[in-house]
Amino acid sequence: AVVSTQSTGKLAALKKVDDDKRETEKSRNNLESYVINMKVLLEEDELYRAASTEEELEKMQEALRAETDWLEEESWGETFVVFNARLAKIEDYCDPVTKRVDEMKARPSAIADLKQAFNLTEQFLQKIYNQTEELRYHTATELENLEKLMTSTKEWLETTTAAQDALPKNVDPVLKLEAMTTKRTALERDLYYLVRKPIPQWYKDKLKSMMDALKNSTKTEEGKKTEEGKKTEEEEAKEEAKAEETAEGDKSEEVPVEAPGEEKTNEKPAEEKVEERPAEETTSSEEQPKQESKDIEKEEL
C-alpha cells in the first residue's frame, strides 16, 4: 500500500511537470507572437499609426524592443507565470491604441445595425398607425413608449456621431461600440415584445365578425350582378325578336319590280319603228318629182 501511494505521488508529480512545461511553452509562444505582431502593425499599418500619439508610439516601440531582447537573452528557464505577467504588462502599453483601432473598424457596422433597428421600429409603428383604432390590440402607452425610446436613441446617435467626427483618431472615442450595442438591444427588446404580443381573444372574435360581414357583402353584390345579368339577357332576347318581326314585315310589303333586262327588250322595237318611218318618207319624197316629170312628158306628146 505504501509503495502504491509513492508511485501514485511520483506519477502525479511527473504529470505536473509535463503540464507546467506545456503551459510554459504555450505562454512563451503567446508572448513572442504578440510582440512580433505589434511591431509589424506599428511599423506598417496606417490605422494603428493614426490611432497613436507620438508619445504612445514611442513608448510602445521601446517596450516591444525591450521585450524582444528579454525573450532572446533572459527568458530561458522561466515559468509560464513569468511569461503571462510580462504579456499582461506589454498589453497595458498597447491596449489604448488597439482599442481605438478596434472601435474604428467596428463602428460603421455597429451604426448600421442600430439604424436597422430604427427602420424596423418605424415600419412596425407605421403598420399599427395605418390601422383603425378598433383593429389595434397594442395599447396607446405601449406604442408611445416605443416611439419615445426610438426618438431619444436617434437623437443620441446623431449628437454622439457629430462629436466623434470632430475628434482626432488618436483620442479615445466618445461613440463606443458598447454603448451602441446596449441601446440597440434595449430598442429591439421593446420592439419584439410588441411584435410577439399574444393576440387577445376579443380581437380574434372581432376580426372574425368583420370577415364574415365582408363575405356576406360580397355574396350580396354577386347576387345583384347575377340578377342584372339575367335581366340584360332577357332584354337582349326581346330586342332580337322585335328586330326579326320588323324584318319579316318589311319583306311582305315589297312590290315586284321588272328586271332591267326586260325594260330594254321592250324599248328596242319602238326605237326601230321610229327609225324606219323617216326612211319611208324619204323614199316617197324622192319618187314624187320623178312621177311629175313623166306626166309632163306625156302632155307634150
Side-chain angles (χ1 to χ4, degrees), residues 29-65 67-68 84-129 142-196:
N29 289 335
N30 289 341
L31 178 58
E32 288 179 342
S33 297
Y34 184 84
V35 170
I36 292 171
N37 289 336
M38 282 304 301
K39 287 176 72 174
V40 172
L41 289 172
L42 294 176
E43 291 174 1
E44 300 178 2
D45 195 315
E46 292 298 328
L47 198 57
Y48 272 84
R49 296 181 69 85
S52 309
T53 63
E54 292 184 4
E55 182 180 353
E56 288 172 332
L57 185 60
E58 184 178 347
K59 185 179 180 180
M60 286 187 293
Q61 288 175 334
E62 183 179 348
L64 291 170
R65 282 193 297 268
E67 205 62 31
T68 301
N84 288 341
R86 296 185 75 89
L87 177 60
K89 185 178 180 180
I90 195 69
E91 283 177 342
D92 287 341
Y93 284 104
C94 302
D95 267 359
V97 175
T98 302
K99 287 180 179 178
R100 289 176 204 149
V101 173
D102 291 342
E103 289 278 345
M104 282 190 282
K105 287 181 177 180
R107 188 177 298 129
S109 178
I111 292 174
D113 290 342
L114 187 52
K115 288 183 177 180
Q116 178 64 14
F118 295 155
N119 292 335
L120 293 174
T121 305
E122 288 173 347
Q123 290 173 11
F124 171 77
L125 290 173
Q126 188 62 44
K127 181 180 178 181
I128 299 299
Y129 290 146
E142 289 173 336
L143 298 174
E144 184 180 353
N145 289 340
L146 179 62
E147 189 169 7
K148 283 182 178 179
L149 178 60
M150 180 186 67
T151 302
S152 63
T153 307
K154 272 186 174 183
E155 292 173 352
W156 171 84
L157 179 62
E158 183 178 353
T159 303
T160 313
T161 300
Q164 179 62 47
D165 292 341
L167 292 176
K169 293 180 179 180
N170 58 9
V171 175
D172 290 340
V174 293
L175 181 59
K176 296 185 178 181
L177 300 177
E178 183 179 0
M180 285 189 283
T181 302
T182 301
K183 289 185 177 293
R184 176 174 60 83
T185 301
L187 181 60
E188 289 178 343
R189 182 189 62 241
D190 288 6
L191 170 63
Y192 294 146
Y193 167 76
L194 296 183
V195 170
R196 297 166 182 164

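What you see below is based on every heavy atom in this structure, not just the backbone, and it leaves out hydrogens, waters and symmetry mates.
Annotation for E58: atom CD does not count as buried by contact number, only 12 or fewer foreign heavy atoms lying within 6.0 Å. For E91, the CD atom is densely surrounded, since the number of other residues' heavy atoms within 6.0 Å is greater than 12.
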Can you list, pair by pair, the side-chain donor-acceptor contacts under 3.5 Å of residues 176-184, counting residues two or more places apart and other chains?
residue	atom	partner	partner atom	Å
T181	OG1	L177	O	2.9
T182	OG1	E178	O	2.9
R184	NH1	E188	OE1	3.4

Which atom pairs, donor and acceptor, lie under 3.5 Å between side-chain atoms of residues 30-41 and protein residues at least two apart or in another chain?
residue	atom	partner	partner atom	Å
N30	ND2	K26	O	3.3
E32	OE2	R28	NE	3.2
S33	OG	N29	O	2.9
N37	ND2	S33	O	3.2

- Message: Show, in sequence, the C-alpha distance, side-chain angles and deciding distance for E144 and K148, and conclude whether the salt bridge (charged side-chain N to carboxylate O under 4.0 Å, His left out) test is met.
- Response: CA-CA 6 Å; E144 184 180 353; K148 283 182 178 179; 3.3 Å; yes

- Task: Given side chain to side chain contact (heavy atoms under 4.5 Å, CB included), test T98 with Y93 step by step and report yes or no.
- Result: CA-CA 10 Å; T98 302; Y93 284 104; over 6 Å; no

- Query: When you look at L64 and L42, which way does the side chain to side chain contact (heavy atoms under 4.5 Å, CB included) test go after all the steps?
  - Reply: CA-CA 10 Å; L64 291 170; L42 294 176; 3.8 Å; yes

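Using a distance-only test at 3.5 Å, with no hydrogens or angles considered, a donor-acceptor pair links the side chain of S152 to the main chain of L149.
K154 and E122 are joined by a salt bridge, as a carboxylate oxygen and a charged side-chain nitrogen come within less than 4.0 angstrom of each other.
Within the 4.5 Å cutoff, the side chain of N119 has no heavy atoms near those of the F124 side chain. Using a 4.5 Å heavy-atom cutoff, the side chains of V171 and P168 are in contact. A heavy-atom distance below 4.5 Å is not found between the side chains of L146 and Y193. L157 is listed as a side-chain neighbour of F118, based on a closest heavy-atom distance under 4.5 Å.
The nearest pair of heavy atoms linking A51 to M104 is CB-CE, 3.6 Å. Pairing each heavy atom of I90 with each of L87, the nearest pair is CG2-O, 3.1 Å. Summarising the geometry of Y48 relative to V97, their closest heavy-atom pair is O-CG1, 3.7 Å, with the distance given to 0.1 Å. Contact detail for V174 and Q164: the closest heavy-atom pair is N-OE1, 2.8 Å. Taking each heavy atom of P173 and R107 in turn, the nearest pair found is CB-NH2, 3.4 Å.
The side-chain contact (heavy atoms from CB on, under 4.5 Å) with W156 is formed by just one residue from the set T161, L114, T151; it is L114.
In this structure, OG1 in T153 is found 12.5 Å from CD in E158, a value given to the nearest 0.5 Å. L120 CG to K115 NZ: the interatomic distance, rounded to the nearest 0.5 Å, is 14.5 Å. Distance CG/L187 to OG1/T121: 4.0 Å, rounded to 0.5 Å. Within the model, atoms CG of N170 and CZ of R100 stand 6.5 Å from one another, a figure rounded to the nearest 0.5 Å. Put simply, CD on Q61 and CD on E56 are 12.0 Å apart, with the number rounded to the nearest 0.5 Å. Between the CG atom of D165 and the CG atom of L175 there is a distance of 8.5 Å, given to the nearest 0.5 Å.
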